[in-house]
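Single-structure report; data block below.
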Amino acid sequence: MSTDPYAWITQSLETIHRADWYRSLKSIAGRPGATVQLQGRTMLNFASNDYLGLAGDERLIAAAIAATQSLGTGSTGSRLITGHRELHRQLEQAIAHLKQTEDAIVFSSGYLANLGTITALVGSRDLILSDQYNHSSLKNGATLSGAKVLDYAHVKMADLKHQLEQHRDRYRRCLILTDTVFSMDGDLCPLPSLLAIAQQFDCMVLVDEAHATGVLGKTGAGCVEHFGCTGQPLIQMGTLSKALGSLGGYIAGSAPLIDFLRNRAPSWIYTTGLSPADTAAALASISIVQQDPDLRNRLWQNTTQLKQRLTEKIATWQGFPDSPKLLPSASPILCLQVKDATAALTLAAQLTQANIFAPAIRPPTVPTSRIRVTVMATHTAAQLQQLVAALG
Ligand SMILES: *Cc1c(COP(=O)(O)O)cnc(C)c1O
């Protein structure tokens with residue numbers, strides 16, 4: 001009897017369709033910005049991670065073109081063999097300067113930075129404590145490391161401490177993993193308390209600053225700076241592909257840590273160096289973040305304004321059953337929680353009708369359905385008002 005060993009894939013896709021979990025691609029044309037061309041329509045963009053509007057910035061584009069002209073399109077090899085350029089080192093030094101750390105290392109993506117670093121730091125004799133809402137790259141890095149992985153309740157430091165009391169002494173090393181800005185909620189990890197607990201139980205800490213770099217902190221260094229924790233012993237991961245408008249990821253920390261990763265992180269050693277264009281664009285955006293605090297101020301003005309208007313709007317619905325609720329946020333990620341997945345899809349469709357692009361996020365990605373809105377520095381007051389008006 002011959003069977004088709006691939007038949008299960010079609011069946012599996014059917015199951016995904018039946019559960020209403022099927023996802024497909026939508027093409028965006030032209031340069032990214034506060035408005036985008038989505039399937040032939042001009043839409044107001046509240047779905048981007050490009051918080052500062054730098055992905056379409058002339059200065060980044062010029063830097064990427066110049067680097068391509070002088071260094072070519074590809075890095076041609078891994079950093080340790082033929083792929084290393086002086087430009088990579090300049091970028092790593094710029095990140096270390098922004099973060100006020102001894103050194104930094106650049107990976108081809110934030111996802112690879114987390115996979116490579118976690119697997120290099122811990123193994124089967126070790127313990128990982130991970131916030132239950134952590135990003136997929138932290139969770140998969142933890143699994144791949146072979147360490148014992150325990151989740152603690154979202155931002156609940158008492159639970160983290162309790163689990164360490166129960167389990168810490170049976171393991172060699174311990175690594176605590178957390179997003180600093182939680183990507184699907186917009187709230188922050190309580191970093192000072194977390195660092196105190198880590199010290200008490202002799203744990204390493206890796207913080208994921210993907211949504212905080214360029215956004216939080218006086219100089220845009222991130223949540224670590226926001227909480228006044230600069231200079232404390234911890235491992236800071238981040239991405240070049242959100243507020244910094246390019247592509248790639250990084251780890252910033254002590255010189256021995258970075259040196260160790262250059263020798264032990266497989267997703268850095270065995271992959272091609274970042275392209276000259278991406279490297280140069282990221283370098284240009286870090287210098288903009290450091291020299292133009294106005295851009296960050298505009299982002300926060302917009303965030304405060306939108307939050308206030310949404311709160312006012314929601315107040316007018318008081319008394320209606322199942323009216324949307326604004327989830328607690330301390331970042332440009334604002335979420336309107338609704339009753340269920342159907343309500344989220346209905347509201348997202350209503351926004352699409354009004355030419356507003358803000359996605360419905362549903363289980364299993366998050367525990368409760370919501371519309372997720374991200375604010376940009378380049379949104380105008382009128383555009384923010386348009387979103388509020390469209391909520392009806
Ligand atoms: C986007 C994101 C990443 C992955 O970064 P990429 O550079 O896009 O691979 C990691 N962690 C968090 C929290 C993210 O939001």
Side-chain angles (χ1 to χ4, degrees), residues 25 28 32 47-52 54-55 60 88 91-92 95 98-99 104-119 128 130-145 151 154-155 175-189 191 194 205-216 222-224 226 234-252 265-268 271-275 277-279 281-283 285-286 329-335 359 361 365-366 370 372-376:
L25 292 166
I28 294 197
S48 172
N49 296 320
D50 184 22
Y51 297 107
L52 300 173
L54 289 174
L60 271 68
H88 290 125
L91 175 58
E92 289 169 342
I95 292 167
L98 176 71
K99 287 282 183 175
I105 180 173
V106 169
F107 290 73
S108 302
S109 78
Y111 209 110
L112 288 172
N114 274 335
L115 292 189
T117 303
I118 298 166
T119 52
I128 287 178
S130 175
D131 187 291
Q132 70 177 131
Y133 286 6
N134 274 345
H135 188 259
S136 157
S137 54
L138 291 172
K139 293 186 172 185
N140 277 331
T143 306
L144 197 59
S145 74
D151 281 358
H154 177 53
V155 304
L175 175 64
I176 301 173
L177 301 176
T178 184
D179 286 15
T180 55
V181 174
F182 285 87
S183 54
M184 292 299 141
D185 293 75
D187 57 343
L188 308 184
C189 90
L191 190 60
L194 188 142
V205 176
L206 187 158
V207 293
D208 182 332
E209 294 261 62
H211 291 274
T213 307
V215 172
L216 278 161
C223 196
V224 173
H226 168 81
L234 80 164
I235 300 162
Q236 300 184 54
M237 172 273 170
T239 177
L240 307 173
S241 45
K242 290 182 171 130
L244 298 179
S246 181
L247 180 69
Y250 67 81
I251 297 284
S267 66
W268 184 81
T271 196
T272 303
L274 207 60
S275 78
D278 291 321
T279 311
L283 196 52
S285 69
I286 289 175
S329 160
S331 72
I333 300 169
L334 303 177
C335 290
I361 315 279
T365 307
V366 286
R370 66 201 64 180
R372 178 177 181 270
V373 168
T374 51
V375 183
M376 294 174 70

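Both counts, for ligands and for their atoms, begin at 1 and track the order of listing.
K139 places no side-chain N or O within 3.5 Å of a backbone atom of Y133 that could act as its donor or acceptor partner.
A donor atom on one side chain and an acceptor atom on the other are found under 3.5 Å apart for S136 and Y111.
The two residues D50 and P32 have their closest heavy-atom pair at OD2-CB, 4.4 Å. Of all the heavy atoms in T213 and A243, the pair that sits closest is O-CB, 3.2 Å.
Using a 4.5 Å cut-off on side-chain heavy atoms (C-beta onward), Q236 and V224 make contact.
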Where does ligand 1 get N/O contacts under 3.5 Å from the protein, atom by atom?
residue  : atom   : partner : partner atom : Å
ligand 1 : 7 (O)  : G110    : N            : 2.8
ligand 1 : 7 (O)  : T239    : OG1          : 2.7
ligand 1 : 7 (O)  : S241    : OG           : 2.9
ligand 1 : 9 (O)  : G110    : N            : 3.2
ligand 1 : 9 (O)  : Y111    : N            : 2.9
ligand 1 : 11 (N) : H135    : ND1          : 3.3
ligand 1 : 11 (N) : D208    : OD1          : 3.4
ligand 1 : 11 (N) : D208    : OD2          : 2.6
ligand 1 : 15 (O) : H211    : NE2          : 2.8
ligand 1 : 15 (O) : K242    : NZ           : 2.6

Please determine whether side chain to side chain donor-acceptor pair (under 3.5 Å) holds for the pair D187 and H154, giving the CA-CA distance in whole Å, both sets of side-chain angles, and the decisive distance to 0.1 Å. CA-CA 10 Å; D187 57 343; H154 177 53; 2.7 Å; yes
